[in-house]
S.K.: 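Quick one: the structure is below, and I'll ask about it shortly.
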Amino acid sequence: MIAEKVLGKAGDAAYAGRITDTLDIEWFNATKRIDRKMTRNGKELGIRLDHETSHRGLTRDDVLFDDGSCIIVVDIIPCSCIRIFAKDKIELARLCYEAGNRHAPLYYGESEDEFLTPYEKPMIVLITELGLSPEKVEARLLPHKRLSSVSGHSH
């Protein structure tokens, strides 16, 4: 089986009553264009996404496969993250500058002053030195909540 695009969302009426199998994806693979994964039920799925879909990224409840009786749905695996609350624009500017300077991805959290980045001990130290109060949490880093679309660069 090969998935080349997102067919819809698991909650869409078209998929009501279907057997659901889940494809777990790590946050850092959500924008991967070509991949081969196993679903929770042991089905192998090849992924070959077009540029637009891979740029947007796969997210929770995306349907990648439908054979009429079973659908394969994406789930982004929760991971260890650093949660930071920025009290004002100056704290936010410092956070964004330092995260960007270290090429660390930064994500929106659940509120307008909450931000997430993948857990790394040196980042906790840095954020603390900025005068912020980082907290280690388990969370899903979803592509549509990423602050920048840059996923890397070369010098």
S.K.: Answer yes or no: is there an ion pair linking Glu129 with Arg94, defined by an N-O contact shorter than 4.0 Å?
M.R.: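 No, no charged N to carboxylate O under 4.0 Å.
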S.K.: Grab the two heavy atoms, one from Ala3 and one from Leu49, that are nearest each other, plus how far apart they are.
M.R.: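 Residues Ala3 and Leu49, closest heavy atoms: O-CD2, 4.3 Å.
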S.K.: Can you tell me how the ring of Tyr107 sits relative to the ring of Trp27, calling it parallel under 30°, perpendicular over 60° and tilted otherwise?
M.R.: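 Geometry flag for Trp27 against Tyr107: perpendicular rings.
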S.K.: Are any of the side-chain nitrogens in Asp35 or Lys32 under 4.0 Å away from the carboxylate oxygens of its partner?
M.R.: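 A salt bridge is present here (some side-chain N lies under 4.0 Å from a carboxylate O).
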S.K.: Is it true that Asp75 and Arg140 have a side-chain N and a carboxylate O under 4.0 angstrom from each other?
M.R.: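 Yes, Asp75 and Arg140 are salt-bridged.
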S.K.: Just checking Arg102: does its CZ atom have more than 12 heavy atoms from other residues, nucleotides or ligands closer to it than 6.0 angstrom?
M.R.: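 Atom CZ in Arg102 is crowded, with more than 12 foreign heavy atoms closer than 6.0 Å.
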S.K.: Atom CZ of Arg83 and atom CD of Glu135: how far apart are they, to the nearest 0.5 Å?
M.R.: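 Between atom CZ of Arg83 and atom CD of Glu135 there are 4.0 Å.
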S.K.: Please report the closest heavy-atom contact between Met123 and Ala104, naming both atoms and the distance.
M.R.: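 Shortest heavy-atom separation between Met123 and Ala104 comes out as CE-CB, 3.3 Å.
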S.K.: Would you call Lys136 and Glu120 a salt bridge, using N to O less than 4.0 angstrom?
M.R.: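 Salt bridge: no.
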S.K.: At what distance, to the nearest 0.5 angstrom, does CD1 of Ile25 lie from CZ of Arg60?
M.R.: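 So the CD1 of Ile25 and the CZ of Arg60 are separated by 12.5 Å.
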S.K.: What closest approach, in Å, do Val6 and Leu64 show between heavy atoms, and which atom pair accounts for it?
M.R.: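 For Val6 versus Leu64, the nearest heavy atoms are CG2-CD2, 4.2 Å.
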S.K.: For the hydrophobic clusters of this structure (ILVMFWY residues joined by side-chain heavy atoms under 4.5 Å, transitively), does one cluster hold both Val74 and Ile71?
M.R.: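 Shared cluster, no.
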S.K.: Would a distance-only check, ignoring hydrogens and angles, find a side-chain to backbone donor-acceptor pair under 3.5 Å from Asp88 to Ile90?
M.R.: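 Looks like yes, one N/O pair under 3.5 Å.
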S.K.: List the steps and the verdict of salt bridge (charged side-chain N to carboxylate O under 4.0 Å, His left out) for Asp62 and Lys9.
M.R.: CA-CA 5 Å; Asp62 281 349; Lys9 291 294 209 184; 2.8 Å; yes
S.K.: Nearest 0.5 Å please: distance from the CE atom of Met1 over to the SG atom of Cys70.
M.R.: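 If I round to the nearest 0.5 Å, the distance is 8.0 Å.
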S.K.: Looking only at the side chains, is there a donor atom on one of Ser69 and Asp67 sitting less than 3.5 Å from an acceptor on the other?
M.R.: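 Present: a donor and an acceptor within the cut-off.
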S.K.: Let me confirm one number: the OH-CG distance from Tyr15 to Leu7, rounded to the nearest 0.5 Å.
M.R.: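 Result: 4.5 Å between the selected atoms.
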S.K.: Are Leu58 and Pro143 side-chain neighbours, meaning at least one heavy-atom pair lies under 4.5 Å?
M.R.: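 Answer no - side chains too far apart.
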S.K.: Give me the atom names and distance for the closest heavy-atom approach of Ile72 to Leu45.
M.R.: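 For Ile72 and Leu45, the tightest heavy-atom pair comes out as CG2-CD2, 4.1 Å.
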S.K.: Any salt bridge between Asp50 and Lys5, counting N to O under 4.0 Å?
M.R.: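 Salt bridge between Asp50 and Lys5, a charged N being under 4.0 Å from a carboxylate O: no.
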S.K.: Indicate if Tyr97 and Leu126 have the same hydrophobic cluster label, given that clusters are the connected sets of ILVMFWY residues with side-chain heavy-atom separations under 4.5 angstrom.
M.R.: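 Different clusters.
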S.K.: Nearest 0.5 Å, please: how far is OG1 in Thr59 from NE2 in His144?
M.R.: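 Those atoms lie 5.0 Å apart.
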S.K.: Ignoring hydrogens and angles, state whether a donor on the side chain of Ser111 or Asp113 is under 3.5 Å from an acceptor on the partner side chain.
M.R.: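 Side-chain D/A pair, Ser111 to Asp113: present.
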S.K.: Do Asp66 and Arg18 sit within salt-bridge range, that is, some charged N less than 4.0 Å from a carboxylate O?
M.R.: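 Salt bridge: yes.
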S.K.: Compare every heavy atom of Ala10 with every heavy atom of Val63, then report the nearest pair and how far apart it is.
M.R.: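 The pair with the smallest heavy-atom distance is CG2-N, 3.6 Å.
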S.K.: For a side-chain contact (heavy atoms from CB on, under 4.5 Å) with Ile82, tell me which candidate from Leu116, Leu106, Ile127 qualifies.
M.R.: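 Among Leu116, Leu106, Ile127, the one meeting side-chain contact (heavy atoms from CB on, under 4.5 Å) with Ile82 is Ile127.
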S.K.: Are more than 12 heavy atoms, taken from residues, nucleotides or ligands other than Phe28, located less than 6.0 Å from that residue's CZ atom?
M.R.: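 Check passes, neighbour count above 12.
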S.K.: Would you say Val73 ends up clustered with Phe65 if hydrophobic residues are merged whenever their side chains have heavy atoms under 4.5 Å apart, either directly or through other cluster members?
M.R.: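 Looking at the clustering, Val73 is in a separate group from Phe65.
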S.K.: Determine whether Phe85 and Phe115 fall in the same hydrophobic cluster, where Ile, Leu, Val, Met, Phe, Trp and Tyr are linked whenever their side-chain heavy atoms lie under 4.5 Å apart.
M.R.: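 No.
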S.K.: Distance check, rounded to the nearest 0.5 Å: Ile76 atom CD1 versus Leu142 atom CG?
M.R.: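 With rounding to 0.5 Å, CD1 (Ile76) is 6.5 Å from CG (Leu142).
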S.K.: Walk me through it: do Glu138 and Ser80 pass the test side chain to side chain contact (heavy atoms under 4.5 Å, CB included)?
M.R.: CA-CA 5 Å; Glu138 289 293 310; Ser80 294; 2.8 Å; yes
S.K.: Output, in order, the C-alpha distance, side-chain angles, deciding distance and verdict of salt bridge (charged side-chain N to carboxylate O under 4.0 Å, His left out) for Arg56 and Glu52.
M.R.: CA-CA 6 Å; Arg56 174 186 68 86; Glu52 182 180 330; over 6 Å; no
S.K.: Might you confirm whether atom CD1 of Ile34 has over 12 heavy atoms from other residues, nucleotides or ligands at distances under 6.0 Å?
M.R.: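 Above 12, so yes.
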S.K.: Any donor and acceptor pair, going by atom type alone, linking the side chain of Lys37 with main-chain N or O of Ile47 inside 3.5 Å?
M.R.: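 Looks like no, no N/O pair under 3.5 Å.
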S.K.: Verify, without hydrogens or angle tests, whether Asp21 (side chain) and Asn41 (backbone) share a donor-acceptor contact under 3.5 angstrom.
M.R.: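 Such a contact is found between Asp21 side chain and Asn41 backbone.
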S.K.: Whether the side chain of Thr117 engages the backbone of Pro105 through a donor-acceptor N/O pair (distance < 3.5 Å, no angle test) should be reported.
M.R.: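 Indeed, once roles are kept as given, a pair shorter than 3.5 Å links the two residues.
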